[in-house]
Amino acid sequence: MPATRGASGRARSRLWDRFSASDPGLIRLVAALRTVGSIVLTLGVLFLLHTPVIHLVAGAMGAMVATFAIREKEQGKQAVSLGLGLLMALVSVSLGALLGGRIILSDLVFLALIFGAVYARRFGDRGYTLGLFGFQFYFVSLFVHATLGALPGLWLALAVAFACSAVSRFLLFRQTTAGTLNRLRTAFRARLSQLIAIQIEMFDATPDELEKVLDDLRRHTARLHEAALMIQGRLGDSPEDPATADVLQRRIADAEISAERLGVLLLNARSAERADTLTLHLPHAPVPAQPATGGLGADTTALLRRDLKALHLLITRLGPEHRGTALTRVRNRLLGYREEENLPQGPAAVQDVFRGIGEATRAVLGLRLALDGPGDESDDTAETARSREEFEAEEVSAGSAVAADESEETGLKRRSTRAAFQVAVGSVLAMTGGEFLSDQRWYWAVLTCWVVFLNTSSTGEILVKGYRRLIGTVCGVICGVVLAGLVGNHTWTAFGLVLLCIFGMFFTAPLSYALMSFFVTSMLGVLYTLLHTYSVSVLILRIEETALGAACGIVAALVVLPIHTDRRTDQLLHTVLLRLGEVASAAVGQLSGGPTADLLDMARDLDTALDDLRRSVQPLTHPFTPLRERRQTVRYLVALLESCAYHARSLAATAELVPYSKRIAADPRLAGAGDRIAHNIAVLAARAADEEAAGEIESGASIASMLEETDPAALRSGTVTFRVLRHLQRLDEGVVGLARPLGVPVATPEDRRAHRTAA
């Protein structure tokens with residue numbers, strides 16, 4: 001029995017790790033449970049007060065809006081927003097009831113609220129929340145056909161809804177910044193563990209299996225990066241002191257970089273040809289030829305597999321409850337691979353893997369120290385003690401420089417102002433067309449037009465979002481017909497299905513807009529059954545109004561102050577290249593003995609800019625994009641940028657160690673190595689900002705050749721200099737590779753000599 005309980009406990013732990021990794025910080029789960037909890041409380045209280053069904057529906061919708069619209073992280077600010085939001089909700093519902101019989105005036109007020117809801121985003125989270133309350137509760141009044149006589153009951157329902165939302169938020173599903181960070185750390189550990197497990201699969205994969213395993217490796221690498229970005233974003237709201245937050249960010253970045261480097265080294269070890277990080281970033285990239293795992297020898301292969309599994313064990317046992325002599329010995333043995341004399345005999349590529357395991361183990365040790373403190377040091381080896389000293393020196397020097405805020409666009413160039421005018425025009429078109437389809441349900445078209453503008457910044461994004469909403473709506477109508485037939489007149493069964501749909505809506509919203517629309521439409525089918533207004537024709541009308549609203553939004557985006565997808569992506573590409581140049585120049589400067597810089601913040605800004613670019617190019621890489629060649633070019637461009645960003649982050653991580661490390665010293669000869677890279681990035685950034693910009697990319701001999709004659713020993717595989725030069729070389733190759741998709745000419749040394757001769 002104890003063995004059975006232990007096995008079941010491990011199975012539950014693995015299952016929870018998988019769920020935690022799929023929902024970092026349990027943010028989606030808590031949001032869905034909080035919303036459902038507030039609705040259940042609201043329905044329970046209103047039922048005890050014997051309110052009619054129409055008020056139950058209004059209260060449920062009010063509780064839903066009151067829960068999801070709050071965006072502040074601090075609970076004090078959330079409480080203030082809830083209080084102000086209740087006042088806004090009461091005013092908005094009252095206006096809807098008062099103007100119910102005055103169609104033109106009601107439509108004008110609705111338009112004003114729509115415009116204000118989008119324009120108010122410029123005032124931060126609270127402006128976003130209050131604008132959303134004003135618009136949504138006017139919609140609630142239209143949905144339940146509010147009248148002046150029904151206002152007292154509606155006010156009571158909304159007051160109960162806001163009170164229950166507060167109870168659900170602050171008592172039942174209380175989510176503090178510290179708690180969210182702890183769950184995000186757990187998710188990061190789980191995703192790191194999954195990535196190492198996939199790397200082990202890659203090492204053992206047959207040639208036929210390698211392509212599928214590489215796809216899994218790309219996906220898990222991207223998921224680990226996503227978790228790291230989420231932690232970095234949440235650390236800004238942490239109550240911990242800035243130095244502690246800074247140290248944790250460094251540990252997370254170290255673990256992410258070391259895990260990605262280990263994947264590249266493993267790919268090199270099992271292949272006859274040298275692999276590049278582009279292989280891990282470009283979907284459907286060519287698989288490295290001639291797998292050579294069998295040529296490593298049985299003993300070497302078994303040793304590598306054993307140590308990879310040992311590293312995986314250290315990560316899965318990273319929590320504070322996992323202590324013990326056995327884990328300490330495993331950690332000490334793997335850390336020993338950071339010393340040349342402890343490396344097993346074998347090809348240079350295989351020795352690089354053992355070095356990578358040692359560096360990854362050091363990153364795992366750093367994570368444990370940052371999260372749980374120093375722990376027992378009695379069994380430390382010399383290498384472990386040295387690693388601890390490096391971490392302590394790094395913590396002493398930790399500190400964050402405050403970056404200067406960039407000037408924000410003003411007037412009609414401001415994103416919120418432009419979107420407000422666009423959605424207002426689109427809503428006018430949706431109102432007009434919606435009235436022709438139905439004088440009772442026209443607001444569906446307006447709601448769709450408004451929603452497709454949320455979190456979009458170009459016409460292409462609006463087009464893709466409108467398409468996804470339409471697909472989700474069509475599927476939701478089919479599901480709504482089925483659910484309505486099953487529910488019949490069973491009121492509480494219908495409410496249960498509504499709650500299930502609401503949970504699905506909020507749990508899937510960050511993952512898939514189509515799924516969210518599916519759950520919304522399915523919920524409407526059940527709601528209309530409750531209101532005794534259900535018919536198949538109503539749900540068909542839902543599809544028609546949704547298509548009309550999406551079309552009106554697209555037309556408005558194309559006509560009113562348009563921001564075309566190409567222009568938006570060029571702006572974001574320019575930003576990414578600027579951030580890449582900043583990180584590369586500062587890292588090379590620090591590696592060559594120059595002044596220290598806040599490389600961590602620079603690398604984080606680069607990651608954020610690259611993440612924005614990925615979202616912006618989704619319309620160009622969508623499967624239904626007719627320009628297939630362009631789609632492949634965009635994918636190649638983004639993959640190259642991701643590869644360059646990885647090498648720039650790796651250089652920054654190494655440069656951060658220079659001021660206090662005993663193993664890494666500044667090398668003034670590196671000062672000239674980054675000049676060509678900086679020049680080439682500047683040329684690319686100028687071309688992204690202006691297609692007419694002049695300039696050409698400089699290519700030349702390998703950067704490593706600059707040290708080969710003066711210090712051949714420094715280029716031995718495994719040395720820090722070799723690693724730095726390899727990252728510089730890969731970064732240089734990636735930047736030159738960007739020239740072709742951007743249409744920038746490349747000048748070879750022979751071309752430059754010919755130009756000088758002609759001059």
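Position 1 is the first residue of the sequence; numbering continues from there. Since we're looking at a predicted model, the values are computed, not measured.
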Notebook entry, point to check: Is the closest side-chain heavy-atom distance between S193 and H312 below 4.5 Å?
Noted result: yes
Notebook entry, point to check: Of all heavy-atom pairs between A678 and S585, which one has the smallest distance, and what is that distance?
Noted result: CB-OG, 3.8 Å
Check: Distance from Q729 atom CD to I677 atom CD1, nearest 0.5 Å?
Finding: 8.0 Å
Checklist line | Non-neighbouring partners of L578 that pass side chain to side chain contact (heavy atoms under 4.5 Å, CB included), sequence neighbours left out | finding: H574, A685
Note to self: Evaluate D215 against R218 for salt bridge (charged side-chain N to carboxylate O under 4.0 Å, His left out), listing each step before the verdict.
What the structure shows: CA-CA 5 Å; D215 287 338; R218 295 184 189 108; 2.6 Å; yes
Next item on the list: Could you tell me whether the side chain of Q199 and the main chain of A259 form a donor-acceptor pair under 3.5 Å?
Entry: yes
Notebook entry, point to check: I697 and L738: side-chain contact (heavy atoms from CB on, under 4.5 Å), yes or no, with the steps?
Noted result: CA-CA 10 Å; I697 297 296; L738 289 168; over 6 Å; no
Next item on the list: To the nearest 0.5 angstrom, please state how far the CZ atom of R649 sits from the CE atom of M602.
Entry: 15.5 Å
Notebook entry, point to check: Closest approach of L613 and L573, non-hydrogen atoms and distance?
Noted result: CD1-N, 4.0 Å
Note to self: Are the side chains of E256 and H225 in contact, using a 4.5 Å heavy-atom criterion?
What the structure shows: yes
Item checked: R223 backbone acceptor or donor facing R191 side chain under 3.5 Å -> yes
Check: Do the side chains of M202 and I198 get nearer than 4.5 Å, heavy atoms only?
Finding: no
Check: Given V576 and D612, is the side-chain contact (heavy atoms from CB on, under 4.5 Å) satisfied, shown in steps?
Finding: CA-CA 9 Å; V576 170; D612 291 339; over 6 Å; no
Next item on the list: Might you work through the side-chain contact (heavy atoms from CB on, under 4.5 Å) test for L610 and R614, ending with a clear yes or no?
Entry: CA-CA 6 Å; L610 190 53; R614 288 191 201 97; 3.6 Å; yes
Item checked: Sole residue of V364, L311, L365 in side chain to side chain contact (heavy atoms under 4.5 Å, CB included) with L334 -> L311
Notebook entry, point to check: In Å and rounded to the nearest 0.5 Å, what is the CG to CD distance from L577 to E582?
Noted result: 11.0 Å
Check: At their closest point, which heavy atom of L195 faces which heavy atom of T221, and how far apart are they?
Finding: CD1-OG1, 3.5 Å
Note to self: Could you tell me if the side chain of L367 sits less than 4.5 Å from the side chain of D254, heavy atoms only?
What the structure shows: no
Note to self: For a 4.5 angstrom cut-off between non-hydrogen side-chain atoms, does L214 reach L267?
What the structure shows: yes
Notebook entry, point to check: Which pair of non-hydrogen atoms, one from Y337 and one from F354, has the smallest distance, and what is that distance?
Noted result: CB-O, 3.3 Å
Check: When you measure from the side chain of H220 to the backbone N and O of D216, does any donor-acceptor pair fall under 3.5 Å?
Finding: yes
Checklist line | Within-4.5 Å side-chain heavy-atom neighbours: D607 and D611 | finding: no
Check: Counting only N and O atoms by type, is there a donor-acceptor contact under 3.5 Å from the side chain of S650 to the main-chain atoms of Y646?
Finding: yes
Check: Say you draw a straight line from CG of L637 to CZ of R740; how long is it, rounded to the nearest 0.5 Å?
Finding: 10.0 Å
Item checked: Partner residues of V353 under the side chain to side chain contact (heavy atoms under 4.5 Å, CB included) criterion, sequence neighbours left out -> L262, L265, L266, A269, L304, I357
Check: Taking all non-hydrogen atoms of both residues, which atom of L731 and which atom of A584 are closest, and how far apart?
Finding: CD2-CB, 3.9 Å
Next item on the list: Side-chain contact test, heavy atoms from C-beta onward, threshold under 4.5 Å: evaluate it for H647 versus E733 and give yes or no.
Entry: no
Check: Can you check side-chain contact (heavy atoms from CB on, under 4.5 Å) on R251 and R368, steps first, answer last?
Finding: CA-CA 9 Å; R251 300 292 179 264; R368 181 183 284 277; over 6 Å; no
Check: Which pair of heavy atoms, one from A648 and one from L580, lies closest together, and at what distance?
Finding: CB-CD1, 3.7 Å
Check: Are the side chains of R579 and T575 in touch, meaning some heavy atoms are under 4.5 Å apart?
Finding: yes
Notebook entry, point to check: Can any side-chain N or O of E359 pair as donor or acceptor with the backbone N or O of S258 at less than 3.5 Å?
Noted result: no
